[in-house]
Amino acid sequence: MSTLEDLPAGWTVWNEEPDGRCILAYRPDVFDSEQFPAACLPTLYLTRGRRNHRRPGVSREDAVTGDWYVTLYFEPDVELQETNRFESREAGIDGAVELARRFADGEIDPRDVYQVPREDYFAKLDELTG
């Protein structure tokens, strides 16, 4: 079983709330709103129920379950299109640590989810990961 202390290098706990929700940030020292827009800070959310359940096209059933979700965002409206659903918070932490590892190792390419590329951003991510 993983803990948040098992996060790979570059990832930090940005916020952990009493209800269990957790936000992890990747290299806030680099993606600090000076070199790149603040929205470009890669983040992982661990939430009970889907974080974006109010958006059109998101199943209400997914939003109201007791399951935990891990979602990787490159920007607020740009997320990895992968469902990471877990039955418990502990399993969700394992999933978050694994997704953070995959990202840090360069196994996840943000180019796959962007419609309008940010070449400087991609170049910096390439330099920092994998």
Side-chain angles (χ1 to χ4, degrees):
M1 182 165 75
S2 299
T3 66
L4 294 174
E5 288 80 33
D6 297 326
L7 288 170
W11 284 96
T12 187
V13 177
W14 193 258
N15 187 28
E16 189 172 11
E17 297 179 3
D19 66 358
R21 179 177 183 246
C22 186
I23 302 170
L24 309 175
Y26 183 72
R27 296 296 306 266
D29 59 317
V30 173
F31 300 101
D32 62 359
S33 78
E34 290 181 27
Q35 293 181 26
F36 298 94
C40 287
L41 176 67
T43 54
L44 272 167
Y45 282 78
L46 171 64
T47 57
R48 187 169 206 158
R50 278 208 180 279
R51 179 173 180 265
N52 61 355
H53 69 274
R54 291 186 180 99
R55 290 185 180 178
V58 174
S59 164
R60 180 72 182 142
E61 179 182 316
D62 286 344
V64 297
T65 69
D67 290 346
W68 290 84
Y69 289 83
V70 175
T71 309
L72 171 61
Y73 289 93
F74 297 99
E75 293 185 38
D77 290 325
V78 181
E79 69 183 79
L80 180 64
Q81 297 300 306
E82 179 177 294
T83 300
N84 293 288
R85 182 177 185 167
F86 305 93
E87 291 184 7
S88 69
R89 184 175 189 274
E90 293 76 21
I93 289 173
D94 288 344
V97 169
E98 175 59 19
L99 188 55
R101 183 208 54 80
R102 287 176 44 216
F103 179 85
D105 287 350
E107 295 177 24
I108 297 171
D109 189 350
R111 291 167 184 84
D112 295 339
V113 297
Y114 271 83
Q115 292 180 358
V116 178
R118 290 182 179 264
E119 295 305 328
D120 292 342
Y121 177 57
F122 296 156
K124 190 63 173 181
L125 284 174
D126 288 345
E127 177 186 319
L128 295 170
T129 61

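The basis for the numbers below is simple: all heavy atoms, side chains too, and nothing from hydrogens, waters or symmetry mates.
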Checklist entry - How many angstroms lie between atom CZ of R85 and atom OG1 of T83, to the nearest 0.5 angstrom? => result 8.5 Å
Next on the checklist: Any side-chain to backbone donor/acceptor pair from W11 onto A100? Under 3.5 Å, distance only.
Outcome noted: yes
Checklist entry - Which atoms form the tightest heavy-atom contact between P28 and G10, and what is the distance? => result CD-O, 4.4 Å
Checklist entry - Is there a donor-acceptor contact under 3.5 Å from the side chain of D32 to the main chain of E34? => result yes
Item to check | Verdict with supporting geometry, F74 and Y121, ring pair (Phe, Tyr, Trp, His ring centres under 6.0 Å) | outcome: CA-CA 10 Å; F74 297 99; Y121 177 57; 7.1 Å; no
Checklist outcome for this item: Rounding to 0.5 Å, atoms CZ (R48) and CD (E17) come to a distance of 14.0 Å
Item to check | Heavy-atom closest contact (V13 atom, C22 atom, distance) | outcome: CG1-SG, 4.2 Å
Next on the checklist: With a 4.5 Å cut-off on side-chain heavy atoms, are R118 and E75 touching?
Outcome noted: yes
Item to check | Heavy-atom donor-acceptor pair, T47 side chain to G49 backbone, under 3.5 Å | outcome: yes
Item to check | Whether Q81 side chain and E79 backbone form a donor-acceptor pair below 3.5 Å | outcome: yes
Checklist entry - Where is the tightest heavy-atom contact between V97 and P8, given as atom of each residue plus distance? => result O-CD, 4.2 Å
Checklist entry - Is any side-chain heavy atom of L125 closer than 4.5 Å to a side-chain heavy atom of R111? => result no
Next on the checklist: Do L128 and F31 make a side-chain contact, defined as non-hydrogen atoms from C-beta onward lying under 4.5 Å apart?
Outcome noted: yes
Checklist entry - Is L7 close to T12 at the side-chain level, that is, under 4.5 Å between some pair of heavy atoms? => result no
Checklist outcome for this item: The reported gap from CG in D94 to CG in L99 (rounded to nearest 0.5 angstrom) is 12.5 Å
Next on the checklist: With rounding to the nearest 0.5 angstrom, report the OG1 to CG distance, T71 to L46.
Outcome noted: 9.0 Å
Checklist entry - Do NZ/NE/NH1/NH2 and the carboxylate oxygens of R21 and D19 come within less than 4.0 Å? => result no
Next on the checklist: Are L24 and Y26 packed together at the side-chain level, in the sense that at least one heavy-atom pair is separated by less than 4.5 angstrom?
Outcome noted: no
Next on the checklist: Rounded to the nearest 0.5 Å, what separates atom CG in L80 from atom OH in Y73?
Outcome noted: 10.5 Å
Checklist entry - Does atom CD of E82 have more than 12 heavy-atom neighbours, drawn from other residues, nucleotides or ligands, at distances under 6.0 Å? => result yes
Checklist entry - Do the side chains of D6 and I93 get nearer than 4.5 Å, heavy atoms only? => result no
Item to check | Minimum heavy-atom distance A25-L41, with the two atoms named | outcome: CB-CD2, 3.9 Å
Item to check | NZ/NE/NH1/NH2 to OD/OE distance under 4.0 Å, R89 and E16 | outcome: yes
